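Quick notes on the structure that follows.
Chain identifiers are assigned alphabetically (A, B, ...) following the order of the sequence lines, protein sequences preceding nucleic acid strands; residue numbering begins at 1 within each chain. From a predicted model like this one, the values you see are computed outputs, not experimental measurements.
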Amino acid sequence: MLRSHNCGELRKSNVGETVQLCGWVDSYRDHGGVVFIDLRDRYGKTQVVFRPEEGSEVHIEGRHLRSEDVIQVAGEVVPRTEKDVNPKMVTGEIDVRVRELKVFSKSKTPPFEPRTQDLPNEELRLKYRFIDLRREELRKAMILRHKLTKLARDYFDEQGFLDIETPILGKSTPEGARDYLVPSRVHEGEFYALPQSPQIFKQILMVAGYDRYIQIAKCFRDEDLRADRQPEFTQIDLEMSFVEQDDVLSMVEGLLAVWMKELRGVDLQLPLPRLSHAEAMERFGTDKPDLRFGMEIVEITDLVADSDFGVFKNVVGSGGRVRGLNVKGVGDRYSRRVLDNDMKNLVGEHGAKGLAYFKVVGGKLESSIAKFFNEEQQKAIVERMQGEDGDLLLYVADQPDVTSAALAALRNHLGKDLELYDPQEMAIAWILEFPLVTWNEDEQRWDAEHHMFCNPFEEDLEYFVTDPSKIRARSYDLVCNGYEGASGSIRIHDTKIQQQVFDLLKIDPEEAEERFGFLLEALRYGAPPHGGVALGLDRWVMLFSMYDNIRDVIAFPKTQKASDLLSGAPSEVDPKQLRDLHIKLDLPK
RNA sequence: GGCCCUGUAGCUCAAUUGGUUAGAGUAUCGGACUGUCGAUCCGAGGGUUGCGGGUUCAAGUCCCGUCGGGGUCGCCA
């Protein structure tokens, strides 16, 4: 070993010991005589001291050390005088007095230093990821990620789950997200696809009798990125046989309880709150509500249908709804400019054509459009909204889905802007009973909401013929602070029901065989009732470490355009490689 | 694909309404200093204002295009 201790462990009790430390020069302070170096490794920092009387050569070399040089020092642990103790460092009670110095490697002047307060822009951080990863914040995130993963593996192991790997090179199934394709050299003109999830394989494992499966699985989706979406990401993927929905939910809840206990020291209240999809849409306008604060959506369609306000009246007349939010006590906080521009634009991004607003004054409404509502209507609105003097009431009038999307966005914006919640809090809940299918207006057909192997409620089977939009699925999402943290369902194991679903989705038998016949075939050889769920590991690390993007919890993330600025991927390849694969490029001009 | 933000010294930022030689902190280099811990003090070097075009007597600043980064809508079963 090149070191006897790491840089985070020496204490007063080590005084007098001769030690060797290795690490990176975090900072240096040269007083001409005495030179101080903060030596850093993954475990912490220790101050090492060069004094002229320890030998001129070592001292001179010490004076030339610069940020990020990698060195080994040998010397004696000495106590600091009381006034020199640094209470900000756990190793602040001691120094290592350097007798010998070895410089393993000098560093070029780094583009930024790991100890910097002013973070450089993300482009630079990604290009020099090896330096960014030296920062304490990122190191903490990596450690937290390790802990979440380790706790999950241990938990599922205790519950009898088997960790089984599934292929990375798989078959393209053109449902859902765009596939990342990998050309086959051996099979000319044919392609593998990287898995969007191990979905089909884990169901086949259930058929094969491995009734509790778990995998920390890399998944790939070639879609546009977001703050919480990377082209490759990690799922904690599991599947269980001979279970009902509640069994899967409580299994996941058990994991969350472990995480909360071990990482936050909190006893998670179980079972977690459960909301139906319909209820979530009604109260929060979204299937992934941020439940850290209230400010729920309230409907006033019935109260304004007869008002003199043309906008509301017309919307109601054409089947629309008028819904809004009561923003408590901020009647004067937002200027008309903010309301008419910023907030209107925000709801506009979600299709709303306008934003109506009132201030509650003396139990009535005040605003430029208040005159269109008679006293009775005003009082009814205030009462419905539970309005008190000084409240701000905001309304969107439009088709139902537009009011939901617009008000959900507005609610999230206001919650953050008004700091309506404790950022430390984690509000976790299940969203249940998603619709099995949604109508695709462009294609004029029904699309699976979750996926096509998702089991409908038996009591809803009659709606297959009468009104497919009413069929509820045995599917469930776990939401936390407005993020989808897990998603799963009980699967279909009955071939008759599976056929009904295919019929509804207009997937003809031949097509079904071609796309995923191997799963359908497996299901014909004795399929147990089964279901499962996948947790987005990156998002949970992000939530537990309170970042607002997942790049900060991934060691080597990609940019919004899916490139890796560190390695330069993607990149052109040698023409010979393309020839081997029989690929000719046909690029846009 | 749409919309919004952004790009000035290695880094973080400034630069009045379009107007003189584009500044500051930090980093780097040189010097001073024997107890600092964001060390301090003195000095020096460091710029194709992302790139290309245009308007103008004059462009970091205005216009068009383009590239990179970020946010978001579409998209993501």
Side-chain angles (χ1 to χ4, degrees), chain A residues 26-39 45-54 59 63-64 66-68 78 80-89 91-92 95 97 108-113 115-128 131 173-179 196-197 199-200 219-231 233 342 345-351 405-406 409 412-413 434 436-438 440 442 446-454 473 475 484 487 489 501 505 507 515-516 534 536 548-549 551 558-561 563 565:
Chain A
D26 194 64
S27 64
Y28 63 93
R29 296 172 291 281
D30 183 353
H31 288 243
V34 65
V35 176
F36 301 98
I37 301 273
D38 288 344
L39 195 62
K45 292 179 198 174
T46 300
Q47 176 166 278
V48 303
V49 186
F50 296 78
R51 298 185 63 93
E53 56 268 33
E54 311 294 345
H59 182 248
R63 294 189 69 176
H64 286 103
R66 292 294 178 268
S67 297
E68 304 311 303
V78 296
R80 298 194 196 180
T81 63
E82 200 172 320
K83 83 169 180 49
D84 287 331
V85 166
N86 185 346
K88 291 186 220 158
M89 291 169 72
T91 59
D95 289 325
R97 191 171 289 195
K108 289 171 69 177
T109 301
F112 62 96
E113 295 184 28
R115 65 194 181 111
T116 187
Q117 298 295 311
D118 304 327
L119 265 187
N121 71 51
E122 201 145 350
E123 195 176 346
L124 198 79
R125 289 176 54 202
L126 291 171
K127 183 173 176 191
Y128 294 95
I131 292 173
T173 52
E175 267 68 46
R178 217 171 276 119
D179 284 324
Q196 295 177 23
S197 82
Q199 183 61 39
I200 290 178
C219 305
F220 307 85
R221 293 177 190 177
D222 187 6
E223 295 292 348
D224 287 350
L225 275 52
R226 290 287 185 280
D228 64 344
R229 269 162 35 188
Q230 282 272 303
F233 59 100
D342 301 5
N345 290 345
L346 178 66
V347 296
E349 280 174 30
H350 298 270
N412 281 339
H413 169 76
F434 280 67
L436 184 75
V437 292
T438 48
N440 183 330
D442 296 336
W446 294 101
D447 281 345
E449 168 80 15
H450 185 60
H451 60 60
M452 65 191 72
F453 310 116
C454 185
S475 69
E484 179 192 313
S487 182
S489 64
V501 174
L505 298 175
I507 297 172
R515 287 191 194 172
F516 28 75
D548 54 10
N549 78 75
R551 290 185 300 279
K558 292 183 173 54
T559 69
Q560 198 172 50
K561 289 205 172 114
S563 41
L565 297 182

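In terms of phosphate contacts, A/Gln196 brings no side-chain nitrogen or oxygen within less than 4.0 Å of OP1 or OP2 of B/rC76. Under 4.0 angstrom from either OP1 or OP2 of B/rC37 there lies no side-chain N or O belonging to A/Lys45.
Taking the side chain as every heavy atom from C-beta outward, A/Glu68 and A/Ile131 never approach each other to under 4.5 Å. By the 4.5 Å heavy-atom criterion applied to side chains, A/Thr559 and A/Glu122 are not counted as neighbours. In this structure the side chain of A/Thr91 never reaches within 4.5 angstrom of the side chain of A/Gln47, judged on heavy atoms.
In this structure, A/His413 places its NE2 atom where more than 12 heavy-atom neighbours from other residues, nucleotides or ligands lie under 6.0 Å away.
Heavy atoms of A/Asp95 sit under 4.0 angstrom from at least one base atom. Counting any heavy atom pair closer than 4.0 Å across all strands shown, A/Leu225 reaches no nucleic acid atom. At the heavy-atom level, A/Arg551 lies under 4.0 Å from the strands shown only through sugar-phosphate atoms. Contact annotation for A/Glu349: backbone-only contact, meaning every heavy-atom pair under 4.0 Å involves sugar-phosphate atoms and none involves a base.
For A/Arg80, counting side-chain heavy atoms from C-beta on, the closest listed nucleotide (B/rC37, B/rG69, B/rC76) is B/rC37. Nearest to the side-chain atoms of A/Pro52 among the listed nucleotides B/rG71, B/rG69, B/rU34 stands B/rU34. Listed nucleotides: B/rC75, B/rU36, B/rC37. Nearest to the side chain of A/Asp38: B/rC37. In this structure, of B/rG69, B/rU72, B/rC76, it is B/rG69 that holds the atom nearest to the side chain of A/Glu122. For A/Asn121, taking side-chain heavy atoms from C-beta onward, the closest of the listed nucleotides B/rG35, B/rG74, B/rU12 is B/rU12. Among the nucleotides B/rG69, B/rG38, B/rG35, the one closest to any side-chain atom of A/Ser563 is B/rG69. Closest to the side chain of A/Arg51, out of B/rG35, B/rC37, B/rG68, is B/rG35. For A/Ala227, the side-chain atoms get nearest to B/rG71 when compared with the rest of B/rG74, B/rC73, B/rG71. Of the candidates B/rG35, B/rC76, B/rG1, B/rG35 carries the atom nearest the A/Asp84 side chain, counting heavy atoms from C-beta on. With B/rG74, B/rU72, B/rG70 as the choices, the nucleotide that has an atom nearest any side-chain atom of A/Arg229 turns out to be B/rG74.
A 3.5 Å limit on both hydrogen-bonding distances identifies B/rG71 as the Watson-Crick or G-U partner of B/rC3. Nucleotide B/rU66 forms a Watson-Crick or G-U wobble pair with B/rG50, both donor-acceptor distances falling under 3.5 Å. Under the Watson-Crick or G-U wobble criterion, with both distances below 3.5 Å, B/rC33 has no partner in any strand shown.
Look at A/Phe36 and the base of B/rU36; the rings stack, centres closer than 5.5 Å and planes less than 30° apart. Between the side-chain ring of A/His31 and the base of B/rG35, no stacking contact exists by the 5.5 Å and 30° definition.
The separation of B/rC73 from B/rG52, taken at their C1' atoms, amounts to 30 Å, rounded to a whole angstrom. Only the C1' atoms considered, B/rG46 is 33 Å distant from B/rC63, to the nearest whole Å. Comparing B/rG60 with B/rG74, their P atoms are spaced 40 Å from each other, to the whole Å. The same atom, C1', is picked in B/rA9 and in B/rG23; the two are 10 Å apart, to the nearest Å. Spacing of P atoms, B/rU6 relative to B/rC62, comes out at 10 Å, to the nearest Å. As rounded to the nearest Å, B/rC67 and B/rC29 have C1' atoms that lie 34 Å from one another. The gap from the C1' atom of B/rG25 to that of B/rU40 amounts to 16 Å, rounded to the nearest Å. For the P atoms, the distance from B/rA27 to B/rG70 is 29 Å, rounded to whole Å.
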So which protein N/O to nucleotides 40-45 of chain B N/O distances come out below 3.5 Å?
none

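Side-chain atoms of A/Glu123 stay outside donor-acceptor range of the base of B/rG70, with no qualifying N/O pair under 3.5 Å. For B/rG69, its base never sits under 3.5 Å from the side chain of A/Arg125 at any donor and acceptor pair.
Qualifying salt bridge (Lys or Arg N to Asp or Glu O under 4.0 Å) partners for A/Arg66, counting only residues two or more places apart in sequence or in other chains: none.
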Practice task
Summarise how protein sits on nucleotides 22-28 of chain B as a single string, 5' to 3': B when a protein heavy atom is under 4.0 Å from the base, S for sugar-phosphate-only contact, - for no contact.
Solution key: -----SS
